[in-house]
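Following: one structure in structure tokens, then a few remarks.
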Amino acid sequence: MDRHHAPESSADFPSSPEALSHRQLQALLRLAPREPDRDLAGAAEQPGHRLIRLRQLLAEHEHLSKAILEELSTQGHDLQESYSPPQLMALGALAAHLRLGLGALEASRQ
């Protein structure tokens with residue numbers, strides 16, 4: 001099949017031009033119908049879906065945060081040998097933020 005013959009499945013569609021000028025493209029964009037925001041449309045159709053997704057993400061975040069804190073606490077000596085003092089301070093700050101996040105998550109559930 002050469003490039004001038006469209007496959008039968010696309011016979012209903014007009015052939016596309018070889019090139020478009022910027023002006024032609026802008027005109028086509030102005031005439032094209034706007035698509036609704038899929039997130040907003042999906043939320044309107046299923047209001048609880050986004051809330052369920054948020055709860056799933058929060059549960060995953062909780063699980064990962066606890067796993068990271070557990071690893072940091074069990075590997076204390078190994079971390080001191082493998083990381084520089086500034087890196088250890090950064091990991092300590094990360095652990096503090098994870099604990100704060102877990103506390104905030106728990107408070108949001110009450």
For this session: May I ask you to list the residues sharing a hydrophobic cluster with L100, side-chain cutoff 4.5 Å, ordered by chain and number?
Result: none
Problem set entry | Euclidean distance, L58 CG relative to S65 OG, rounded to 0.5 Å | 10.0 Å
For this session: Look up atom CG in L94 and atom CE in M89, then write down how far apart they are to the nearest 0.5 Å.
Result: 13.5 Å
Exercise. Say you draw a straight line from CD1 of I52 to CZ of R55; how long is it, rounded to the nearest 0.5 Å?
Worked result: 7.5 Å
Exercise. Side chains of L102 and L69: does their closest heavy-atom pair fall under 4.5 Å?
Worked result: yes
Exercise. Can you list every side-chain hydrogen bond (donor to acceptor under 3.5 Å, both in side chains) pair that touches residues 80-104, not counting sequence neighbours?
Worked result: H77-E81, S84-Q87
Exercise. To the nearest 0.5 Å, what is the distance between CG (L91) and CD (Q75)?
Worked result: 10.5 Å
Exercise. To the nearest 0.5 Å, how far apart are CZ in R109 and CG in L105?
Worked result: 4.0 Å
Exercise. Salt-bridged, K66 to E62, with N to O below 4.0 Å?
Worked result: yes
